[in-house]
Undergrad: 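Here it is, the structure in full.
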There are 2 protein chains.
Amino acid sequence: MRLSTKGRYGVHAMFDLAMHSGDAAIALKSVAQRENISEKYLEHLFANLKKAGLIHSVRGAQGGYRLARPPEEITLGDIIRVLEGPVAPAECKAEAGGNEDCHSSSSCAMRSIWCRIRDEINSILDNITLAEVVEEQRKRSGQGYMFHI
Amino acid sequence: MRLSTKGRYGVHAMFDLAMHSGDAAIALKSVAQRENISEKYLEHLFANLKKAGLIHSVRGAQGGYRLARPPEEITLGDIIRVLEGPVAPAECKAEAGGNEDCHSSSSCAMRSIWCRIRDEINSILDNITLAEVVEEQRKRSGQGYMFHI
DNA sequence: GATAAACCTAGCGGATTAGCAGGATTTTTC
DNA sequence: GAAAAATCCTGCTAATCCGCTAGGTTTATC
């Protein structure tokens, strides 16, 4: 029940784009350096984030990446679901049709429980936007205890 | 961000023990059959659950397993943490000491965010007991729509 | 045209997952 | 006491995923 580095790196990278957003596009290289992520690995993640429409890219020299939407409209849930697949503790097959065969005697009760858990976790992740994280970070560095907790 | 079968099977098996608890110990074999889990695989899971003190075992013929505590006192969080390891989206290293080196520029703000998420997810899982699931299941089968949603 | 960047495809070592095999041990039952 | 029923234990394996690297192609800027 833990994120792989995909989700973690992805969120950090998106946060980095949000922090450094301005006129110019931001090179993958600089994100990778600041966030201490393998450049080549980050390429793959950005490819997926782009395909999912969360970021835009600019090719060629002086090119780079940009958030596709303002940070207020991008949640951690958006990012994590793209990079890690659907956030669900177990398959909530019930959604699809309804009358599927329950192989295990407990699956009926459990199914609704798993769905409940899934919804609650998604709701947590969907209620944290990049903007919030940026604000949190600005607050911290403003108060002078960046790099410490 | 999904459970492996370990956690899922584990919860189902524990639920099964809760459902069928009585005087006699419950054989692994019957749990495996009812919940449609490989017997040999379930052995491993039960070994861990036993080591963690969530179940007791009775050896020999007519032996089997029993919950170590009443279903009201066993949460899904208990089970999942035993079988899947700590539930945390990312390492919350901040807990340990404090002044560790932040390798990435965003880790400070993110660290507290990850911890917040971790705590909320754990709280979800710790607020669902086996007793609740059993009650849910009884309600369902009582109302005659077992095997359907 | 040189350079800087995104883009693309492929592979690879290691870890984890899900499960199987085969026995050893303990207890009950006949 | 023998057989059976169960837990316990150790090790193996095929498949998959993870994190990362490699090496090139395309597109834009200077």
Side-chain angles (χ1 to χ4, degrees), chain A residues 1-13 17 20 23-33 35-52 54-68 80 82-86 89-91 103-104, chain B residues 1-13 17 20 23-33 35-52 54-68 80 82-86 89-91 103-104:
Chain A
M1 202 64 176
R2 90 175 334 159
L3 248 42
S4 67
T5 61
K6 277 191 216 167
R8 209 162 59 239
Y9 286 175
V11 170
H12 283 201
L17 290 186
H20 298 88
D23 293 347
I26 300 151
L28 184 146
K29 194 175 181 177
S30 59
V31 175
Q33 282 173 353
E35 304 298 333
N36 202 46
I37 303 171
S38 148
E39 241 176 274
K40 280 298 192 178
Y41 190 44
L42 192 54
E43 262 188 25
H44 295 297
L45 306 185
F46 271 18
N48 288 327
L49 291 169
K50 188 190 169 179
K51 205 165 58 183
L54 291 182
I55 56 178
H56 290 151
S57 69
V58 181
R59 297 192 68 164
Q62 256 55 41
Y65 294 90
R66 240 191 290 265
L67 296 182
I80 289 172
V82 165
L83 295 174
E84 305 258 354
E91 303 90 309
H103 285 304
S104 72
Chain B
M1 202 65 175
R2 89 174 336 156
L3 249 43
S4 67
T5 61
K6 277 192 217 167
R8 208 162 60 240
Y9 285 177
V11 170
H12 282 202
L17 290 185
H20 298 89
D23 293 347
I26 299 151
L28 183 146
K29 195 176 182 175
S30 60
V31 175
Q33 281 173 353
E35 304 297 333
N36 202 46
I37 303 172
S38 147
E39 242 176 273
K40 280 297 191 179
Y41 191 43
L42 193 54
E43 262 187 25
H44 294 296
L45 305 185
F46 271 18
N48 288 326
L49 291 169
K50 187 188 168 180
K51 204 164 59 183
L54 291 182
I55 56 178
H56 289 152
S57 69
V58 181
R59 298 193 67 165
Q62 256 54 41
Y65 294 89
R66 239 190 291 265
L67 296 181
I80 289 173
V82 165
L83 296 173
E84 305 257 353
E91 303 90 306
H103 284 305
S104 73

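The sequence lines fix the lettering, A, B, ..., with proteins before strands; numbering per chain opens at 1.
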Undergrad: Starting at CG of B/Leu17, measure out to NE2 of B/His56 and round the result to the nearest 0.5 Å.
TA: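 Answer rounded to 0.5 Å: 12.0 Å.
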Undergrad: Mind checking if A/Lys51 touches a base, just sugar-phosphate, or nothing, with heavy atoms under 4.0 Å?
TA: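 Nothing: the residue A/Lys51, judged by heavy atoms under 4.0 Å, touches no strand.
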Undergrad: At the 4.0 Å heavy-atom cut-off to chain A, mark where contacts on DNA chain D begin and end, going 5' to 3'.
TA: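 Counting from the 5' end, contacts occupy D/dC18 to D/dT29.
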Undergrad: Base, sugar-phosphate or nothing for B/Tyr65? Non-hydrogen atoms, less than 4.0 Å.
TA: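 Here B/Tyr65 touches the backbone only, sparing every base.
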Undergrad: Return the CD1 to CG distance between A/Ile37 and A/Leu28, rounded to the nearest 0.5 Å.
TA: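 So the CD1 of A/Ile37 and the CG of A/Leu28 are separated by 9.0 Å.
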Undergrad: Figure out the CG/C1' separation between A/Leu42 and C/dA5, and round it to whole Å.
TA: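 After rounding, the gap between these two atoms is 14 Å.
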Undergrad: Could you list the donor-acceptor pairs under 3.5 angstrom formed between side-chain atoms of residues 39-48 of chain A and any protein atom two or more places apart in sequence or on another chain?
TA:
none

Undergrad: Excluding sequence neighbours, so at least two apart, what forms salt bridge (charged side-chain N to carboxylate O under 4.0 Å, His left out) with A/Lys50?
TA: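 None.
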Undergrad: To check you understand the geometry: which heavy-atom pair defines the closest contact between B/Ala27 and B/Ser30, and what is its length?
TA: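 That would be O-OG, 2.8 Å.
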Undergrad: How would you summarise protein contacts on nucleotides 17-27 of chain C per nucleotide, using B for base, S for sugar-phosphate only and - for none, with heavy-atom distances below 4.0 Å?
TA: SBBBBBB-BBB
Undergrad: Which residues satisfy the side-chain contact (heavy atoms from CB on, under 4.5 Å) test with B/Arg66, sequence neighbours excluded?
TA: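 Testing B/Arg66 for side-chain contact (heavy atoms from CB on, under 4.5 Å), a comparison that skips the adjacent residues, returns B/Ala25, B/Val58.
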Undergrad: Sequence neighbours left out, what passes side chain to side chain donor-acceptor pair (under 3.5 Å) with B/Ser4? Give chain and number order.
TA: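 Only B/Glu84 meet the side chain to side chain donor-acceptor pair (under 3.5 Å) criterion with B/Ser4.
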